[in-house]
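A short write-up of the structure that comes next.
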Amino acid sequence: MSHELTEQEERRREERQHLEDAGIQTYAYGWDVTSHAREILESFDDELHQPGDDGPAQEPFSVSIAGRIMSKRVMGKAAFFHLQDSSGSIQVYVRRDDLPEGFYSQVFKRLLDIGDIVGVKGFVFRTRMGEVSVHTEELELLTKSLRPLPVVKEQDGQLFNEVTDKEFRYRRRYVDLIVNPQVRDVFKTRARMISAIRRFLDERGYVEVETPALQPVYGGALARPFTTHHNALDMRLYLRIADELYLKRLIVGGFDGVYEIAKNFRNEGLSRYHNPEFTMLEIYVAYKDYVWMMELFEEMIEDIVTELHGTTEICVGGEQISFKRPWKRLPLLEAIKFYTGHDVRGKSRDELVSISESLGLEIDDTMGAGKLIDVIFGEFVEPKLIQPVFITDYPVELSPLAKRHREIEELVERFEVICNGKELCNAFSELNDPHDQRSRFEDQARLQEGGDKETMQIDEDFIRSLEYGMPPTAGLGMGVDRLAMLMTDSESIRDVILFPLLRPEAGGDEESTSS
RNA sequence: GAUCCCGUAGCUCAGGUGGUAGAGCAUCUGACUUUUAAUCAGAGGGUCGCAGGUUCGAGUCCUGCCGGGAUCACCA
């Protein structure tokens, strides 16, 4: 990664040399941080802390802070800069005569730049302009920055020269995080959300487990996998597309409830809703069915929303969404009837084709009856479902791992929660009849022979585990990134993934790629 | 994979119908001991994403490629 240095980069390398020649460390070993910007601003008290005209404050407010210089305003023998730390930013006041001889004019003014990381010791005061600031008594360079940082200015909450270029922000997320501090809040919210999920499930006694990401047989979802190879065993392996079949083996093994928050990998296109690696929560609970799972899920989400936002109602994409329990439940076929006027219940494939055509859908010969229903739903119903709603009971051929509906032959006991027009989770009463499971897998194999690339492989070991006997089980999978998008009102999945996949930068190495 | 939009200085952007590039901030020099998008005076910085083509002449028009975004397809 070499590039021709710009004028400013040359300049900073020279500054670093000058600093080192003067015996000043450019990469220090630490700094004793006692305070953070936000907490200083919050706890400053004019009565107690503000120094008088001719003497110290009643109770001097001494702090030691560290962070990055984000602006610098030199006015002769005094200067101001803003220092940004993990909590926010605070103004620092520097006077020539407070610092060691020569430091101000030779080092601070000439050799310290926006982007450098410094430590400051001093006392807090309020300037004539009314801004709470730190009056420097000691200043030390902690890390020299060799590349110029984009300079974002702000007045009255209005930003100037804000870095908005998506490509720049995703490729250099570290810079994005520096110059767009609200981005850090998104990822803090995501972290708190995941903690809340764990707490909710741990409290109920479910065991967090880890299952293989490298799998000899992929399964648990309909998707194309990434393929890799293990050298020592000379063996083809797939990166997991789901952890479902392993988690159910654990239910066979006697756990009452297990869950995993795992990265899944799917070799598919990218979009604002899809990243090839993404995070999924899967939960399996023994002796329960999908009706019970609906209650668990809505309770969990209501809990999380309340914890993150202090309310069950949040604004997403300009829509007010309420996660207050209970959520509406609507069978899939009724939803289609309500939104399209067509009753597709018990219709043959030919009848469904003509309904689809009358609705203006493009269809092809490979689509079965279940697929057609799925397409109609995705096109005419899903986008209209803004408030969280359970859509229940799906065609059997779309759900090779779900148990048949106890009353309706052609359906399975499955639900999805749709929220803001997108699927949030997928759950079913798990299929635990090994014979039925084998025939569902065989149906999938036939689809594969028909050219469908997103089918399930027959997992013999999984069937074997079912033959030992899996108790009735409810299972659920949820896109963690999708929930993070809702919780942070983000319109792209790339805004809730720190390092989303992008093509390599132009001018990169010529690494060979096989496809 | 398809369609549309975008790619000009470190950053944000301007560059009617083609005449080899501009602004603000950042950077550099100087002034200024409570400023705040600090200010004032001066200076430097660009193979206009890459490669071809049309033209006397291309940032500008055409083609291809690279990268990004949005929509679609597939899915979570």
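Scope of the values below: all heavy atoms of this structure, side chains included, with no hydrogens, waters or symmetry mates. Letters A, B, ... are given to chains in the order of the sequence lines, protein chains preceding strands, and every chain is numbered from 1.
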Within 6.0 angstrom of Arg329(A) CZ, more than 12 heavy atoms from elsewhere: yes
Kindly point out which of [options] is positioned nearest to the side chain of [X]?
X: Arg171(A); options: rG68(B), rC28(B), rC74(B); result: rG68(B)
X: Arg110(A); options: rC11(B), rU29(B), rA73(B); result: rU29(B)
X: Val151(A); options: rA76(B), rU34(B), rC25(B); result: rC25(B)
X: Ile114(A); options: rG24(B), rG10(B), rA26(B); result: rA26(B)
X: Leu502(A); options: rA76(B), rG68(B), rU29(B); result: rG68(B)
X: Arg272(A); options: rU71(B), rU33(B), rU29(B); result: rU71(B)
X: Asn161(A); options: rU35(B), rC25(B), rC28(B); result: rC25(B)

Categorize [X] for me: base, sugar-phosphate, or nothing, with a 4.0 angstrom heavy-atom threshold over every strand shown.
X: Gly479(A); result: nothing
X: Gln91(A); result: base
X: Tyr170(A); result: sugar-phosphate
X: Asp98(A); result: nothing
X: Glu282(A); result: nothing
X: Met75(A); result: base
X: Arg169(A); result: nothing
X: Arg73(A); result: base

Let me know the distance between [atom1] of [X] and [atom2] of [N], rounded to the nearest Å.
X: Arg12(A); N: rA26(B); atom1: CZ; atom2: C1'; answer: 9 Å
X: Phe160(A); N: rU12(B); atom1: CZ; atom2: P; answer: 16 Å
X: Phe125(A); N: rU36(B); atom1: CZ; atom2: P; answer: 14 Å
X: Arg147(A); N: rC11(B); atom1: CZ; atom2: P; answer: 11 Å
X: Lys72(A); N: rA26(B); atom1: NZ; atom2: P; answer: 12 Å
X: Glu162(A); N: rG10(B); atom1: CD; atom2: C1'; answer: 17 Å
X: Lys77(A); N: rU35(B); atom1: NZ; atom2: C1'; answer: 16 Å

Looking at residues at least two apart in the chain, or sitting in another chain, which of them share a salt bridge (charged side-chain N to carboxylate O under 4.0 Å, His left out) with Asp495(A)? none
Under 4.0 Å between a side-chain N/O of [X] and OP1 or OP2 of [N], yes or no?
X: Arg503(A); N: rG67(B); result: yes
X: Arg126(A); N: rU35(B); result: no
X: Arg224(A); N: rC74(B); result: no

Exactly one candidate in Phe428(A), Tyr394(A), Phe390(A) meets ring-ring contact (aromatic ring centres under 6.0 Å, His included) with Phe415(A); the answer is Phe390(A)
State which residue, out of Phe61(A), Phe80(A), Phe123(A), fulfils the ring-ring contact (aromatic ring centres under 6.0 Å, His included) condition with His135(A). Phe123(A)
How far does the [atom1] atom of [N] sit from the matching atom of [M], given to the nearest Å?
N: rA51(B); M: rG59(B); atom1: C1'; result: 16 Å
N: rG15(B); M: rG7(B); atom1: P; result: 11 Å
N: rU8(B); M: rC4(B); atom1: C1'; result: 22 Å
N: rC6(B); M: rA14(B); atom1: P; result: 11 Å
N: rG42(B); M: rU47(B); atom1: P; result: 27 Å
N: rC61(B); M: rA73(B); atom1: C1'; result: 34 Å
N: rA58(B); M: rU63(B); atom1: C1'; result: 15 Å
N: rU36(B); M: rG18(B); atom1: C1'; result: 45 Å

Do the side chains of [X] and [Y] get close enough for a salt bridge, i.e. N-O under 4.0 angstrom?
X: Arg240(A); Y: Glu260(A); value: yes
X: Glu430(A); Y: Lys403(A); value: no
X: Glu9(A); Y: Arg13(A); value: no

Determine, step by step, whether Arg169(A) and Val183(A) satisfy the side chain to side chain contact (heavy atoms under 4.5 Å, CB included) criterion, reporting the C-alpha distance in whole Å, the side-chain angles of both residues, the deciding distance to 0.1 Å, and the verdict. CA-CA 10 Å; Arg169(A) 294 182 49 209; Val183(A) 173; 3.5 Å; yes
For the backbone of Ser399(A) and the side chain of Arg440(A), can you confirm whether one donor and one acceptor N or O come within less than 3.5 Å of each other? yes
Between the main-chain N or O of Phe380(A) and the side-chain N or O of Lys384(A), is there a donor-acceptor pair closer than 3.5 Å? yes
Result for 5'-nearest mapping on RNA chain B, choosing between Glu15(A) and Val152(A), is Val152(A)
Measure from the ring centre of Tyr273(A) to the centre of the six-membered ring in the base of rA76(B), then say whether that distance is under 5.5 Å and the planes meet at under 30°. no
Distance criterion of 3.5 Å, no angle test: do you see the side chain of [X] paired donor-to-acceptor with the base of [N]?
X: Asp165(A); N: rG7(B); value: no
X: Glu131(A); N: rU34(B); value: no
X: Arg128(A); N: rU34(B); value: no

Pull out every protein N or O sitting under 3.5 Å from an N or O of nucleotides 39-49 of chain B, one pair per line with the distance.
residue : atom : partner : partner atom : Å
rG44(B) : N2   : Glu7(A) : OE1          : 2.7

Among residues 418-431 of chain A, which contact RNA chain B at a heavy-atom distance under 4.0 Å? Lys422(A), Glu423(A)
Does [N] have a Watson-Crick or wobble mate here (both distances under 3.5 Å), and if so which one?
N: rA76(B); value: none
N: rA21(B); value: none
N: rG57(B); value: none
N: rU39(B); value: rA31(B)
N: rA2(B); value: rU71(B)

Centres of the Tyr284(A) and Tyr246(A) rings: under 6.0 Å? no
Please verify the inter-ring angle class for Trp327(A) with Phe323(A); under 30° counts as parallel, over 60° as perpendicular, anything in between as tilted. perpendicular
Taking the inter-plane angle between the rings of Tyr238(A) and Tyr218(A) on a 0 to 90° scale, is it parallel (under 30°), tilted (30 to 60°) or perpendicular (over 60°)? perpendicular
